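The chains referred to below are lettered A, B, ... by the order of the sequence lines, with proteins before strands, and numbering in each begins at 1. A quick note: this is a predicted structure, and the numbers were derived from the prediction, not measured. The figures that follow rest on heavy atoms only: side chains count, while hydrogens, waters and symmetry mates do not.
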There are 2 protein chains.
Amino acid sequence: MASHTVENYLKALFALANEAGEVGISDLSDHLAVSKPSVNSMAKALQQDGFLKYEKYKPLKLTAKGKKAAALVVRKHRLTEMFLVEQMGFGWDEVHDIAEQVEHVKAPAFFDRMDELVGFPTVDPHGSPIPDAQGNVLEIDCVKLSECAVGEKVSLVGLSQSSKSLLTFLDSHGIALGHTFDIRAVEPFDGSMTVVHQGATDQTFSLKVCERLLVNKEA
Amino acid sequence: MASHTVENYLKALFALANEAGEVGISDLSDHLAVSKPSVNSMAKALQQDGFLKYEKYKPLKLTAKGKKAAALVVRKHRLTEMFLVEQMGFGWDEVHDIAEQVEHVKAPAFFDRMDELVGFPTVDPHGSPIPDAQGNVLEIDCVKLSECAVGEKVSLVGLSQSSKSLLTFLDSHGIALGHTFDIRAVEPFDGSMTVVHQGATDQTFSLKVCERLLVNKEA
DNA sequence: CTCGATTGTTAGAGCACCCTAACAATGTAG
DNA sequence: CTACATTGTTAGGGTGCTCTAACAATCGAG
């Protein structure tokens, strides 16, 4: 099995590829807080192990094997998050850091049991899909709230690049997955949106927030 | 915080000191399946960090700091075992290997929550005491079954050096912590003992088994 | 098309941990 | 009290992962 370090590289590669498409040495270097030469030599090592296709000066590409391995790490991470929230009573803003640690545990039975105990979920507490045991990822049908138009009714199904501060923000506004928004107005100047939250209270979100909220158009 | 490796050295040092008294380089080498020179240089490193007192050709001695650090690793291990059994439905023979992995997680909140969820236990599923958050270990009042005499009534409170095969043996004989034994006979030739288990069935155990069963004399 | 910024690469080194081979100290049996 | 087995130590090397310094390739602006 892959080392702790390798698992982290794979996870980062997987995440960056899913949000940015092409992944360069520098992207990984920033994301993992590791120097570029370190990433460079790790890239060669990962290629050696068949996880990565690497050519000088070209973007990094996970192979099928690499994608599967990465997805299985993500699976462990997200199952853990789900377990922490559902079975252990943690808040959705507390679980990322713990899961970051637990995901490296090498004990398949442990994660299988978590999966069972939380009822074989398909998404984690932040609405991100949980890859299956074969490493397949189900795409969720969603768009950014910022891409929706006035008059639409949507429901929150996930978050893009969720961070502790985003989660805290949402908590403080009483927003959770599944909540609905009626889009009342979009400010042309800064892209901020005014919505009716859960059919009750008016709230205004900055563009930055709206870009992070992934919604589904049949609320 | 100590690395994964250092935590394992500390744990081994702690365990060996508790069962054998003096701990030599070779003991650790065997216990951790690591060469003697490796242990030797690690011993110097641990001394450097104040975990150990090391003098050439002398037995290794954990310092107070070392004992505390070791106890806290043991605490994480045993809390995890307890959690795995009580909350996740694993058998007492399955939890050691998983806990071996999970114990290295660096997330105090994770273990604190486990502690809470299993009701602040003082012993793990094998009857071993769980050190408190300050690293203090409560001694259990017990003796080996092999040291008891005919006629005594005792109850099982713990195991010495529990191993998967011992646990499987006990399971297959329907024996669990808390069960009682009335000592009927001790075979002088091989030290095997015949007892009445739970006031019901007669069973005979080899000396090897009796030395692993820790019992309490007021059943 | 050239220049400068960005991005990527090489070279060289360090740290943590592991090993084997060879040798030295210790403890024990005769 | 010597002789041998056991135990411990030194020396020297390897792997995985990290870094900085210096240089090379690529890309975009003017």
> Quick one: which of D/dG8, C/dT20, D/dC17 gets closest to the side chain of B/Tyr57?
D/dG8
> Taking the nucleotide of DNA chain D with the nearest heavy atom to each, does A/Val6 or A/Lys36 sit closer to the 5' end?
A/Val6
> Side-chain N or O of A/Ser35 versus OP1/OP2 of D/dC19: is the shortest distance under 4.0 Å?
yes
> Report the distance from atom OH of A/Tyr54 to atom P of C/dT7, rounded to the nearest whole Å.
16 Å
> Base, sugar-phosphate, or nothing for B/Ser41, non-hydrogen atoms under 4.0 angstrom?
nothing
> Does A/Lys11, at its NZ atom, have more than 12 non-hydrogen atoms belonging to other residues, nucleotides or ligands within less than 6.0 Å?
yes
> What does A/Ser26 touch in the nucleic acid at a heavy-atom separation under 4.0 angstrom: a base, only the sugar-phosphate, or nothing?
sugar-phosphate
> Would you mind reading off the distance between B/Met1 atom CE and C/dA16 atom C1', rounded to a whole angstrom?
19 Å
> Within the structure shown, what part of the strands sits under 4.0 Å from B/Val39 by heavy-atom distance: base, sugar-phosphate, or nothing?
nothing
> Closest to the B/Pro37 side chain: C/dC18, D/dG8, C/dA21?
C/dA21
> For the pair made of NE2 in B/His4 and P in C/dC18, what is the distance, rounded to whole Å?
10 Å
> Nearest to the side chain of A/Thr5, which nucleotide is it out of C/dT9, D/dT7, D/dC17?
D/dC17
> Hey, does B/Lys44 reach any base, or is it just sugar-phosphate, or nothing, if we go heavy atoms under 4.0 Å?
sugar-phosphate
> Ignoring the backbone of A/Ser3, work out which of D/dT18, D/dC17, D/dT9 is nearest its side chain.
D/dC17
> Rounding to an integer number of Å, can you tell me how far A/Lys56 NZ sits from D/dT26 P?
10 Å
> Would you kindly check if the NZ (Lys) or CZ (Arg) of A/Arg75 is within the cone defined by 45 degrees around the ring axis of A/Phe111 and under 6.0 Å from the six-membered ring centre?
no
> Specify the separation, in whole Å, of atom CG of A/Leu28 and atom C1' of C/dG8.
13 Å
> Under 4.0 Å between a Lys/Arg side-chain N and an Asp/Glu carboxylate O for A/Lys164 and A/Asp97?
no
> Do the side-chain N or O atoms of A/Ser38 get closer than 4.0 angstrom to the phosphate oxygens (OP1, OP2) of D/dC19?
yes
> Just the rounded figure in Å: distance from P of C/dG8 to CD of A/Gln47.
16 Å
> Roughly how many Å is it from CG in A/Leu32 to P in D/dG16, rounded to a whole number?
19 Å
> Got a list of side-chain donor-acceptor pairs under 3.5 Å for residues 120-129 of chain A, not counting sequence neighbours?
{"unit_1": "A/Asp124", "atom_1": "OD1", "unit_2": "A/His126", "atom_2": "N", "d": "2.7"}
{"unit_1": "A/Asp124", "atom_1": "OD1", "unit_2": "A/Gly127", "atom_2": "N", "d": "3.1"}
{"unit_1": "A/Asp124", "atom_1": "OD1", "unit_2": "A/Ser128", "atom_2": "N", "d": "3.0"}
{"unit_1": "A/His126", "atom_1": "ND1", "unit_2": "A/Glu81", "atom_2": "OE1", "d": "3.2"}
{"unit_1": "A/His126", "atom_1": "NE2", "unit_2": "A/Trp92", "atom_2": "O", "d": "2.8"}

> Please state how far atom CD in B/Glu55 lies from atom C1' in D/dT7, giving the value in whole angstrom units.
17 Å
> Assess whether a salt bridge exists between B/Glu103 and B/Arg78, defined as any Lys/Arg side-chain N lying under 4.0 Å from an Asp/Glu carboxylate O.
no
> Measure from the side-chain heavy atoms of A/Asn40 and tell me the nearest of C/dC18, C/dG8, D/dG8.
C/dG8
